[in-house]
Amino acid sequence: MIVFDAVTKRYADGRTALDALDLVVPAGQVTALVGPAGTGKTTALRLVNRLLDPTAGRVLIDGQDVAHLDPVALRRGIGYLTTTGGLLPHKDVLGNVCMVPRLLGWERDACRKRALEVLELVGLSAAQASAFPSQLDAVSRQRVALARAVAAEPALLLLD
C-alpha cells in the first residue's frame, strides 16, 4: 500500500506541484492518476521512489516512510517507467533490461533468461536483444523500457 499523508511539494521558484495530498493506493490494485498537464501526477510518482522529497507530509510504502529508506535500495525494488523510457544508449537491449537484476546480484544466466522472457512478454524478439536503443523505433524503445521496469519482478510498478 502507498499512502500520501498531507504531502506538499513546493519548488524553489515558488511553484506548488502538490498541496496537502492525501491518497491511499491499496496493495495489489491498479491505480491511475488522471488529470491535465501540470497537476502533479509525475511529481507524486517521483515522491514514491524518492527522485524528489516532499516539502511537507509523508509518503509511506507498506507503513514505512520512504524518507527513512535508502533511496538506492528503494528504487531497486520499484519498477519505474518514464515517458521517455530512459534507456542507456551505450548498452544493448539485453544490457538495459538486465540492469536492475544485475545490480540486485542476479547471476548472468538467470538475468538473460528473465530478460528474454520479458522481451517476449512486451512483444519483442530475442533477435532484438543485441540491438542498441538508437537502432530501434520509438515504440520498441518504450517496450524495452517496460521490460526493464518489470525484469526484476518488483513489488511496485510506477508508470508515468
Side-chain angles (χ1 to χ4, degrees), residues 1-91 93-106 110-111 114-115 117-119 121-124 133 138-160:
M1 172 173 24
I2 302 170
V3 175
F4 292 84
D5 178 21
V7 173
T8 297
K9 178 60 182 175
R10 286 191 187 85
Y11 292 100
D13 66 4
R15 288 180 301 128
T16 300
L18 295 173
D19 189 14
L21 174 65
D22 287 313
L23 175 68
V24 175
V25 179
Q29 297 217 354
V30 174
T31 303
L33 298 177
V34 181
T39 57
K41 302 177 300 294
T42 296
T43 298
L45 291 180
R46 290 180 177 181
L47 291 167
V48 173
N49 64 8
R50 291 199 59 199
L51 290 175
L52 294 173
D53 289 317
T55 307
R58 302 179 308 156
V59 178
L60 302 121
I61 298 177
D62 295 332
Q64 294 186 356
D65 187 337
V66 299
H68 302 302
L69 301 176
D70 174 59
V72 173
L74 173 68
R75 291 177 197 136
R76 288 182 183 170
I78 297 174
Y80 184 58
L81 178 64
T82 67
T83 53
T84 60
L87 298 179
L88 300 175
H90 63 284
K91 289 193 176 280
V93 166
L94 189 67
N96 269 285
V97 175
C98 283
M99 186 173 57
V100 174
R102 293 292 291 151
L103 289 170
L104 292 172
W106 289 31
C111 182
R114 176 65 177 157
E117 288 172 1
V118 295
L119 287 173
L121 182 69
V122 299
L124 296 173
V139 172
S140 295
R141 285 191 302 271
Q142 194 66 15
R143 289 176 185 210
V144 172
L146 178 57
R148 182 180 61 193
V150 301
E153 301 172 344
L156 179 58
L157 182 61
L158 304 174
L159 306 175
D160 187 9

Peer 1: Could you measure the distance from the CG atom of L33 to the OG1 atom of T42? Nearest 0.5 Å is fine.
Peer 2: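 One gets 9.0 Å once the value is rounded to the nearest 0.5 Å.
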Peer 1: Rounded to the nearest 0.5 Å, how far apart are CG of L74 and CD of Q64?
Peer 2: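 Going from the CG atom of L74 to the CD atom of Q64 covers 9.5 Å.
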Peer 1: Between the side chain of K41 and the main-chain N/O of A32, is any donor-acceptor distance below 3.5 Å?
Peer 2: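 Looks like no, no N/O pair under 3.5 Å.
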Peer 1: Going by heavy atoms in the side chains, are R46 and K9 under 4.5 Å from each other?
Peer 2: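 They are not in side-chain contact.
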Peer 1: Supply the atom-to-atom distance T31 OG1 to I2 CD1, rounded to the nearest 0.5 angstrom.
Peer 2: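 Answer for the OG1-CD1 pair, T31 versus I2, is 8.0 Å.
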Peer 1: Run the side chain to side chain contact (heavy atoms under 4.5 Å, CB included) test on L104 and R102 for me, step by step, so that the C-alpha distance in whole Å, both residues' side-chain angles and the decisive distance to 0.1 Å come before the verdict.
Peer 2: CA-CA 5 Å; L104 292 172; R102 293 292 291 151; over 6 Å; no
Peer 1: Out of curiosity, T55 OG1 to D19 CG, how far, rounded to the nearest 0.5 Å?
Peer 2: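 The CG atom of D19 is 10.0 Å from OG1 of T55, to the nearest 0.5 Å.
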Peer 1: Do V3 and V59 make a side-chain contact, defined as non-hydrogen atoms from C-beta onward lying under 4.5 Å apart?
Peer 2: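 No, too far: nothing below the 4.5 Å cut-off.
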Peer 1: Under a 3.5 Å distance rule, please check whether R10 uses its side chain to pair with a backbone N or O of R15 as donor and acceptor.
Peer 2: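 No, because the side chain of R10 does not come within donor-acceptor range (under 3.5 Å) of the backbone of R15.
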Peer 1: Which distance, rounded to the nearest 0.5 Å, do you find between the CG of L60 and the CZ of R58?
Peer 2: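 Between L60 CG and R58 CZ, I get 4.5 Å after rounding to 0.5 Å.
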Peer 1: Is there a side chain to side chain contact (heavy atoms under 4.5 Å, CB included) between V24 and M1? Walk through the geometry before answering.
Peer 2: CA-CA 7 Å; V24 175; M1 172 173 24; 3.4 Å; yes
Peer 1: Run the side chain to side chain contact (heavy atoms under 4.5 Å, CB included) check on R75 and Y80 step by step: do they pass?
Peer 2: CA-CA 8 Å; R75 291 177 197 136; Y80 184 58; over 6 Å; no
Peer 1: Any idea which heavy atoms bring L119 and A147 closest together, and the distance?
Peer 2: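 Result for this residue pair: CD2-CB, 4.1 Å.
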Peer 1: For L157, run the side chain to side chain contact (heavy atoms under 4.5 Å, CB included) check against I78, V150, L81 and tell me which one passes.
Peer 2: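 Going through the options one by one, the only one that passes is V150.
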Peer 1: Compute whether any side-chain donor of one residue and acceptor of the other, for D160 and T82, lie under 3.5 angstrom apart.
Peer 2: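 T82 and D160 do not have a side-chain donor-acceptor pair below 3.5 Å.
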Peer 1: Could you walk me through whether L156 and V48 satisfy the side chain to side chain contact (heavy atoms under 4.5 Å, CB included) test, starting with their C-alpha distance in whole Å, then the side-chain angles of each, then the deciding distance to 0.1 Å, before giving a yes or no?
Peer 2: CA-CA 10 Å; L156 179 58; V48 173; 3.8 Å; yes
Peer 1: Is there a side-chain contact between L45 and L51 (heavy atoms, below 4.5 Å)?
Peer 2: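 A side-chain contact under 4.5 Å is absent here.
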Peer 1: Is R50 reaching over with its side chain to a backbone N or O of L69, donor-acceptor style, under 3.5 angstrom?
Peer 2: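 Checking the backbone N and O of L69 against the side chain of R50, a donor-acceptor pair under 3.5 Å is found.
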Peer 1: Whether the side chain of T8 engages the backbone of A20 through a donor-acceptor N/O pair (distance < 3.5 Å, no angle test) should be reported.
Peer 2: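 Looks like yes, one N/O pair under 3.5 Å.
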Peer 1: I need the L88 CG to R148 CZ distance, nearest 0.5 Å.
Peer 2: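 These two atoms lie 6.0 Å from each other.
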Peer 1: Scan V66, L18, V7, D5 and name whichever one has a side chain to side chain contact (heavy atoms under 4.5 Å, CB included) with P54.
Peer 2: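 Looking at V66, L18, V7, D5, the match for P54 under the side chain to side chain contact (heavy atoms under 4.5 Å, CB included) is V7.
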Peer 1: Flag the pair L124 / S140 as yes when at least one side-chain heavy-atom distance between them is below 4.5 Å, and no otherwise.
Peer 2: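 The answer is yes; the side chains approach within 4.5 Å.
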Peer 1: Minimum heavy-atom separation for A149 and P154, please, with both atom names.
Peer 2: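 For A149 and P154, the tightest heavy-atom pair comes out as O-CG, 3.4 Å.
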